Amino acid sequence: MEFNTLFTGKNYIELQSVDSTNNYAAKLLNETKVTNGTVILAHFQQNGRGQMGNEWHSVAGENIMTSVIYNFRDIQPEKMFRISKLTAVAVYETLTQLKIDRVKIKWPNDIYVGDKKISGLLIENKWSGTNCTSIIGIGLNVNQLVFGEHLNATSIVVETGIQHSLLHVLNILLGKLEKYNILYSQNKFQEINTTYLSNLLYLNESRSFLTETSEVFEGKITDVHDNGHLVIIDSNGVERRYYFKEVFVL
Ligand code: BTN
């Protein structure tokens with residue numbers, strides 16, 4: 001498969017079925033030297049993994065389940081959320097290019113259309129000093145029409161009425177990932193961060209939040225730090241910072 005990219009997907013592995021593309025990528029990295037920009041796509045995952053130990057279920061053949069392996073040089077572990085920001089912005093732009101309105105990035109690792117989830121990211125990193133090998137796992141709903149009620153999910157076809165070949169969407173996605181990977185390596189991260197924040201769900205909106213210690217408070221999201229902290233100014237004007245799982249928007 002030829003993608004419109006310089007290096008992403010030049011090494012392309014397409015699998016009918018696998019436990020998880022992220023697991024496959026991790027095994028590959030353990031066994032051999034892997035080219036920067038290697039892409040694994042599966043049509044079905046027996047054990048798709050989501051955030052926080054959740055499962056990721058996807059109907060066979062209808063959606064994108066992919067892992068992209070990128071090497072990042074000179075990135076401090078405390079700035080590793082930059083990789084997530086870069087990926088979220090790439091998925092965001094893929095969806096807007098496909099003419100979907102109301103796309104938002106939901107901290108920490110989801111992409112939403114309105115109040116429904118269309119994509120989830122699972123990024124797993126291996127560090128050697130400040131060099132990071134990143135397995136960027138992306139689940140993106142493309143042609144699935146029906147979702148369980150409780151899932152609160154949507155897809156490209158539900159939003160646009162148009163079915164797309166998975167490879168067409170993957171080609172756009174890989175182009176965007178590579179674009180932001182290159183911007184990143186040119187030290188233009190601030191550009192990526194600005195796009196990330198301007199499309200972040202609930203930014204600067206008054207919302208209720210629930211903490212893991214069951215505290216409910218009012219506040220506004222004002223920033224996301226490169227270490228992954230969500231920054232909220234509460235109604236008393238106090239700045240609070242939370243990691244994943246420590247706070248939820250009600
Ligand atoms: C989430 O929303 O919790 C993250 C979901 C990530 C799913 C993708 S599908 C491709 C890759 N392989 C996996 O096992 N998970 C990610």
Side-chain angles (χ1 to χ4, degrees), residues 8-9 11-30 34 37-70 80-81 83-92 94-95 103-126 133-144 147-148 150-156 158 166-167 169-174 176-177 196 200-201 224 228 230 243-249:
T8 307
N11 183 25
Y12 175 63
I13 301 164
E14 186 170 329
L15 306 164
Q16 279 315 309
S17 179
V18 70
D19 57 344
S20 144
T21 56
N22 271 32
N23 293 356
Y24 188 97
K27 269 189 225 128
L28 212 59
L29 285 166
N30 278 334
V34 181
T38 291
V39 173
I40 298 140
L41 178 85
H43 293 279
F44 182 67
Q45 294 185 131
Q46 301 118 26
N47 185 23
R49 292 189 292 112
Q51 291 290 321
M52 307 185 206
N54 289 333
E55 295 172 351
W56 179 260
H57 294 285
S58 184
V59 174
E62 296 193 349
N63 302 317
I64 287 180
M65 290 160 259
T66 191
S67 298
V68 179
I69 301 173
Y70 275 146
M80 72 178 185
F81 199 72
I83 300 169
S84 182
K85 288 181 173 177
L86 167 168
T87 306
V89 167
V91 176
Y92 167 85
T94 300
L95 294 171
V103 184
K104 287 282 179 190
I105 297 165
K106 183 166 185 278
W107 177 89
N109 281 302
D110 295 335
I111 312 297
Y112 270 56
V113 179
D115 61 357
K116 293 205 159 91
K117 179 162 166 172
I118 195 164
S119 174
L121 316 177
L122 179 66
I123 299 173
E124 297 179 299
N125 299 320
K126 255 180 124 180
T133 302
S134 198
I135 299 172
I136 300 180
I138 304 173
L140 173 60
N141 298 332
V142 180
N143 290 324
Q144 188 169 338
F147 295 91
H150 64 287
L151 278 178
N152 198 36
T154 190
S155 65
I156 295 175
V158 169
L166 298 184
L167 289 181
V169 178
L170 183 66
N171 187 31
I172 299 174
L173 176 63
L174 298 183
K176 303 291 182 193
L177 276 172
Y196 178 88
L200 187 69
L201 187 64
V224 175
L230 182 72
Y243 273 123
F244 320 142
K245 301 191 215 178
E246 293 177 350
V247 75
F248 304 89
V249 183

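Whatever order the structure lists ligands and atoms in, that order sets their numbers, starting from 1. Throughout, residue positions are numbered sequentially from 1 according to the sequence presented. Keep in mind it's a predicted model, so treat the numbers as computed, not measured.
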Contact table ligand 1 N or O to protein N or O, d under 3.5 Å:
{"residue": "ligand 1", "atom": "2 (O)", "partner": "Lys117", "partner atom": "NZ", "Å": "2.5"}
{"residue": "ligand 1", "atom": "3 (O)", "partner": "Gln51", "partner atom": "N", "Å": "2.6"}
{"residue": "ligand 1", "atom": "12 (N)", "partner": "Thr21", "partner atom": "OG1", "Å": "3.0"}
{"residue": "ligand 1", "atom": "12 (N)", "partner": "Gln45", "partner atom": "OE1", "Å": "2.9"}
{"residue": "ligand 1", "atom": "14 (O)", "partner": "Ser20", "partner atom": "OG", "Å": "2.8"}
{"residue": "ligand 1", "atom": "14 (O)", "partner": "Arg49", "partner atom": "N", "Å": "2.7"}
{"residue": "ligand 1", "atom": "15 (N)", "partner": "Arg49", "partner atom": "O", "Å": "2.7"}

Once side chain to side chain donor-acceptor pair (under 3.5 Å) is applied, do any residues pair with Lys117, and if so which ones, sequence neighbours excluded?
Asp110
Nearest 0.5 Å please: distance from the NE2 atom of His43 over to the CG atom of Leu166.
6.5 Å
Partner set under salt bridge (charged side-chain N to carboxylate O under 4.0 Å, His left out) for Lys104, not counting sequence neighbours
none
Flag side-chain contact, heavy atom, 4.5 Å: Glu14 against Leu167:
yes
Return the set of residues passing side chain to side chain donor-acceptor pair (under 3.5 Å) with Glu246 (not counting sequence neighbours), or none when no residue passes.
none
Run the side-chain contact (heavy atoms from CB on, under 4.5 Å) check on Leu28 and Ile13 step by step: do they pass?
CA-CA 11 Å; Leu28 212 59; Ile13 301 164; 3.7 Å; yes
